[in-house]
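Before any comments, here is the structure.
Small disclaimer: the values here were computed from a predicted structure and weren't measured. Residue numbers begin at 1 in each chain, while the letters A, B, ... track the order of the sequences.
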Number of protein chains: 4
Amino acid sequence: MPHPLLDLPPLTADRFAAVERRVASLLATENDVVIMQGEALLPLEGCIRGGARPGSTALNVVTGPYGQTFGNWLRDCGATVVDLEVPFHTAVSADRIEHALAAHPEIDFVSLVHAEAATGNTNPVAEIGSVVRAHGALFMVDAVASVAAEPLYTDAWGVDLCVIGAQKAMGGPAGVSAVSVSERAWARFAANPRAPRRSYLSLLDWRERWIDTGRRALPHAPAQLEMLALEACLDRIEAAGLSTVTARHAATAAAVRAGALALGGGLEPYAREAAEAAPVATTLRTPAGTDATELVAKALAADPSLPLVAGGGALAAEMIRVNHYGAAAAPDVVHACLTALGTALEEALGGAGRPVDQEAARRAADEAWREGLSDAAGDRPRHDG
Amino acid sequence: MPHPLLDLPPLTADRFAAVERRVASLLATENDVVIMQGEALLPLEGCIRGGARPGSTALNVVTGPYGQTFGNWLRDCGATVVDLEVPFHTAVSADRIEHALAAHPEIDFVSLVHAEAATGNTNPVAEIGSVVRAHGALFMVDAVASVAAEPLYTDAWGVDLCVIGAQKAMGGPAGVSAVSVSERAWARFAANPRAPRRSYLSLLDWRERWIDTGRRALPHAPAQLEMLALEACLDRIEAAGLSTVTARHAATAAAVRAGALALGGGLEPYAREAAEAAPVATTLRTPAGTDATELVAKALAADPSLPLVAGGGALAAEMIRVNHYGAAAAPDVVHACLTALGTALEEALGGAGRPVDQEAARRAADEAWREGLSDAAGDRPRHDG
Amino acid sequence: MPHPLLDLPPLTADRFAAVERRVASLLATENDVVIMQGEALLPLEGCIRGGARPGSTALNVVTGPYGQTFGNWLRDCGATVVDLEVPFHTAVSADRIEHALAAHPEIDFVSLVHAEAATGNTNPVAEIGSVVRAHGALFMVDAVASVAAEPLYTDAWGVDLCVIGAQKAMGGPAGVSAVSVSERAWARFAANPRAPRRSYLSLLDWRERWIDTGRRALPHAPAQLEMLALEACLDRIEAAGLSTVTARHAATAAAVRAGALALGGGLEPYAREAAEAAPVATTLRTPAGTDATELVAKALAADPSLPLVAGGGALAAEMIRVNHYGAAAAPDVVHACLTALGTALEEALGGAGRPVDQEAARRAADEAWREGLSDAAGDRPRHDG
Amino acid sequence: MPHPLLDLPPLTADRFAAVERRVASLLATENDVVIMQGEALLPLEGCIRGGARPGSTALNVVTGPYGQTFGNWLRDCGATVVDLEVPFHTAVSADRIEHALAAHPEIDFVSLVHAEAATGNTNPVAEIGSVVRAHGALFMVDAVASVAAEPLYTDAWGVDLCVIGAQKAMGGPAGVSAVSVSERAWARFAANPRAPRRSYLSLLDWRERWIDTGRRALPHAPAQLEMLALEACLDRIEAAGLSTVTARHAATAAAVRAGALALGGGLEPYAREAAEAAPVATTLRTPAGTDATELVAKALAADPSLPLVAGGGALAAEMIRVNHYGAAAAPDVVHACLTALGTALEEALGGAGRPVDQEAARRAADEAWREGLSDAAGDRPRHDG
């Protein structure tokens, strides 16, 4: 049978620049936004190699696997690294950051992951930002797992380098990504002789060849299809309203949490405080005597489309992660996950352990979803302010 | 600049049949579903030319322009037509249908539009269905503007022929469409010597060449891209949950209605009863001394993406329609429409007439949106039952 | 894993009209072109139901299965039908048409398939056209399998109704199709009280609602994705040049024919004359003692992507069809088909019968391909004239 | 108007690996192929930063702007660079490479651009490869502008690092690219302590995380849409046959060259020898008294879709480049370019200078196109051997 073919429109410089402006609006920033032609790891690496150098000291907040990657890059650049390790069941507090900065006045770079999809936590960037700004260090935030899932106010929070990808809550492509760069960050890069230049990693190249020349010609051929898909997801977010999209994610996270607690059987949210739970993923600790990998396998055997994964590495036996971003941030997906987990738990516990109540779980989830949306609707003026 | 090209996967018979089953599930029907390779007018015409013939009598409920089209087809087939005209500001009641059937016991076909996008009304199909079923006539419903926007229970409501397109609340393509066909309807077609056969209009052809042969080979080359887009929108609806999608439309309709009432200036919803207002579009009567076409032009000049249109024909001067389906069923679109209409009204009234209060309009819309979603969430068990 | 999503641009009336003009240029016609929103069967049926009526007499040239379909429609419209059956191994000559018209001076409609994909023949439309024009009948040609594969001069040849689809040599979508309509044809339709009106089948509707109103608004929502795919394939044909695309098909047909003759084993082209062989498909008669269905199955087992099919119906045992249109009109596909058929034949004959020489087949195919292109290049001025 | 949306299939690890294998086949290599998630500059930079280090000496053949970029990277890595500058009107000979290697026995890395789109030359990689292999240096070839346009035998020619993008003759996307890596190249990278590791630039990361782990999980989220578009263009090339695609480019280049020579007016091909002319672009020197930028502007004013550009930098006044790759490698595009250039030249010369003969130009182009295809068809066995 013949394959239908579609031609897609070319991507002009003007259209590329318009996408940058729309991303800036999404990030609530007046700073330059650079769309890089690769996965979000590309701008993250570009930021660290641009900002770090021998002689600099970085505070690297490690709340999950990406924090470890950032530490490696920082060390590779010759920076002294102060790693602040945070246990998986909690967010990092602004207080801890403040203590670390006080103990190391020489810190001139802070790297933080906003929401950790892997561990299900989200960190208080607003509070941390004012502490970092008071100290004077450059502040880089990895917002890949938070953008469009929770409020993100780059400039109001004092974030110098805010990196996003579209593949989570934005429901978009993974192959292009973006970073907002403050004037302070540009100055830091320019003063760093080891900052990438004439390189695919280089943010300074984008400034020199694209921004400073009036955004008239792209420095190299763009990933046109990924850019078109990024445009398409911006269209959808703008039509729905960003606050509606974040409210949907918040309500979903609340529903999964409430449903899991009501399900019983000994299942417990990892994140002790609801306020510290990421809106894109909920992590659950499995009851003693059960194995997370087996429970997930059982649930996926019933429905392979469910967004369930067992924790990575050491957590494979005890952590279940429910991903709920993009199209999966919806009450029916919550219901389906709770039902599948409940059934798998019942089988695994075989009557032993605490009882499992699927009906109660679904009721609690519905209730939390409804309240979550109401709260969000009430928040509207504040979100826009 | 080169145009990127995408090959799309071919559409096998199995995949085509799977789309039919998923549409059947969306329509809550056990009947055969036929996906026709054209706009929804194609199955609507196929149903009427299949079901009507000289000697048959049809009750044609005219609540908008499509009812007129149906009447023309029915007459063209040689049927006697009883047109039941319904004023634009109201739905048709089951009582009126019952009276008409009692007055014309020979009626053997009833055609009805579920929701009228053009006039903003929705008709009580469940109640009408039980009256029609008691009478024994074949019941055809045009659900293009209601599917995915409000509950639709084809079998429970006794609908013999339920026609849908994907281009409104489903957010899908317009180029293919579907119809569910009850056994009674198949029998009627088969007994009609003038029913289309060996024709692009023919439902009997689909039965003979596709259904009766085990759905092994398509009778002609399908519109592959439109089918893939239909699949894609079914994916999205299933992921979000149908009840979530309908709840979003209901809440949006409630928000537009409440906002318009609170806006003041003399603007009034056409549909007198909220329960009779269509969830895909809200029609508003403009105050004396203003012109709907001018108000809409002014609002669109400010933002051409707003889903506002002036009424057609005789209503061009006094009816404004706010379309709110698919991606436009969202609170930010509601806000934007109310603001644009409020500004246009203020200018048009120039201090004369009743005052316009945009802030109150937005507040009322938010409140109604929140309540609409809560009601919908509470409804969940009933919707699924 | 997330599914990337692409938004596609909407299809405006201007863009739709531009596609019509580009199709008109492809068909070398000054007549109106109507793009119908369905497979090519839709305009074919529309033309016959528009042009035929009780009292009219049609000459229906049956060179394959579509001719039978046309005959059924003609009879269904009440026309008297003179079927001119043509054996599968030959084209119809203008002489035979002339005799038929002389024998039935009352004939006022002639229907003909230009190239028959099913049987591998192509008919001399230019010569037949001048005979039909002299007689005065309306002349409808089904050019679905010839457009972009061989010269097609609608107006110069006196074709009143020329119907195309894009799914064969154009390499485009099947879900929309086109027909050019001469003034004589419009007049015939308008004078036919039984011509479809207010119907999905109606060409008169398109004239009244689209052409006569200045092509400002489409009469119903188009199959946007199929239209975009049609645009995309017109882009490709225009960039390559129509004469290059037809030359590629002609050279491929010559290569398959020459290769099959050189392959030996008793394989023979169905079309006795090369000039009567369709450029989109070559039909081959299998040697005694072999079965076409088995040979094709064997060849496809080795490579399921090969464009080989066994003949339909009574010809299933003895006819193999090699489709070579669109992307398959290429020398490597010819090589692969000859190799696969040669291997299957060798196995089936098992040493009996005439010898099979794969190397000679490929050499003859290459030679014919080269000559085919040279001839075509030399033809350029004539094609454009 | 609603925007149709298409969901595209996800890209699994297996599918990604299959694309790698198909690219390897296109490059005629048994070496590992890595598909990098960015424009071809990414693997080019990765290769040079992996292969060069302080203490290494590189022979950098500069036949155009990319050679300058490679020199900068090599120097940035601390390598000693021997730049071999080649005038724009000629290719580099294997002799010159041999002399340079003899003069600098310490050379351990050679970088070369196969075909230079910017200058219209192509270099004899086969001959150069055997010289470099005899010397023992690592051999990197930038084949972005040659792949699918002319023969490319990576392994037979001794190329250690062969980098391609799909955006030229392949007619594919620009946002992903590929490199084949020989065992010698892997060993060089592994022994280089400054080779990128844990970096978006790192080829070693791809080996460690993707190849050495059995290609089971991608190291990071791929640019799915660009990968699908790459797959789609491989489909098309494989269906047509690679040798057919290269033949089409060769015949087009011959046609443009012959046409330009026959056009007269003083226009001359830059590349003195036809064998040194790139098959993707032809560069032409404009006659005295005319300005290339003005001629191109005039031609594009008549038809903005023509693939004509004025030379960059110092050559802006005297060099016209005709790009003829992908869909533009077709005789009608050649005709259109010659006609537009002829008309612009006639106007510019205003009767002065040598006469312009458009008809002769088109005739010569047709002749050369026909011969070019015949030669290519005759070449088939050699190409496949």
Side-chain angles (χ1 to χ4, degrees), chain B residues 2-8 10-11 36-46 48-49 68-73 75-76 144 165-168 172-177 194 196-202 205 218-233 235-236 239 327, chain C residues 2-8 10-11 36-46 48-49 68-73 75-76 144 165-168 172-177 194 196-202 205 218-233 235-236 239 327:
Chain B
H3 289 231
L5 268 174
L6 276 184
D7 257 309
L8 296 167
L11 191 80
M36 289 190 88
Q37 303 297 295
E39 211 258 6
L41 285 167
L42 177 61
L44 287 165
E45 184 178 356
I48 286 180
R49 296 197 188 273
Q68 290 159 8
T69 299
F70 299 165
N72 291 338
W73 286 334
R75 270 178 281 270
D76 193 44
V144 173
Q167 69 268 38
K168 294 206 181 289
V176 290
S177 51
R194 293 176 56 160
R197 283 176 176 82
R198 307 284 175 257
S199 171
Y200 210 82
L201 293 174
S202 175
D205 282 7
L218 290 162
H220 58 78
Q224 297 191 33
L225 290 157
E226 299 285 316
M227 290 299 297
L228 292 175
L230 176 57
E231 255 192 337
C233 90
D235 286 345
R236 289 193 296 277
Chain C
H3 289 229
L5 268 174
L6 278 183
D7 257 309
L8 295 167
L11 191 80
M36 289 192 88
Q37 303 297 297
E39 211 258 6
L41 285 166
L42 177 60
L44 286 166
E45 185 178 355
I48 287 182
R49 296 197 188 274
Q68 290 160 8
T69 299
F70 300 165
N72 291 337
W73 286 335
R75 271 179 278 271
D76 193 45
V144 173
Q167 68 268 41
K168 295 205 181 288
V176 290
S177 50
R194 292 177 56 162
R197 283 177 177 80
R198 307 283 175 257
S199 170
Y200 209 81
L201 293 175
S202 175
D205 282 8
L218 289 162
H220 59 78
Q224 296 191 33
L225 290 157
E226 299 284 317
M227 290 299 296
L228 292 174
L230 176 57
E231 254 193 337
C233 90
D235 286 346
R236 288 193 298 276

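- Judged purely by atom type and a 3.5 angstrom limit, B/Tyr200 uses its side chain to pair as donor or acceptor with the backbone of C/Glu39.
- Proximity to chain C (any heavy atom under 4.5 Å) is restricted, for B/Arg49, to the side chain, taken from C-beta onward.
- For B/Gln37, the part sitting under 4.5 Å from any heavy atom of chain C is the backbone (N, CA, C, O) and nothing else.
- Ranking B/Met36, B/Glu45, B/Met227 against chain C, the residue ahead of the rest is B/Glu45, based on heavy-atom pairs under 4.5 Å.
- To the nearest 0.5 Å, atoms CG (C/Asp235) and CD (C/Glu231) are separated by 6.5 Å.
- Interatomic distance, C/Leu41 CG to C/Leu201 CG, rounded to the nearest 0.5 Å: 11.0 Å.
- Considering CD1 of B/Ile48 and CZ of B/Arg75, their distance stands at 10.5 Å, rounded to 0.5 Å.
- Of the two parts of B/Thr69, neither the backbone nor the side chain holds a non-hydrogen atom closer than 4.5 Å to a non-hydrogen atom of chain C.
- Taking B/Ser199, B/Gly46, B/Gly165, B/Ala40 one by one and counting their heavy-atom pairs under 4.5 Å with chain C, the maximum is reached by B/Ser199.
- Atom CD of residue C/Gln224 and atom CG of residue C/Leu218 lie 9.5 Å apart, to the nearest 0.5 angstrom.
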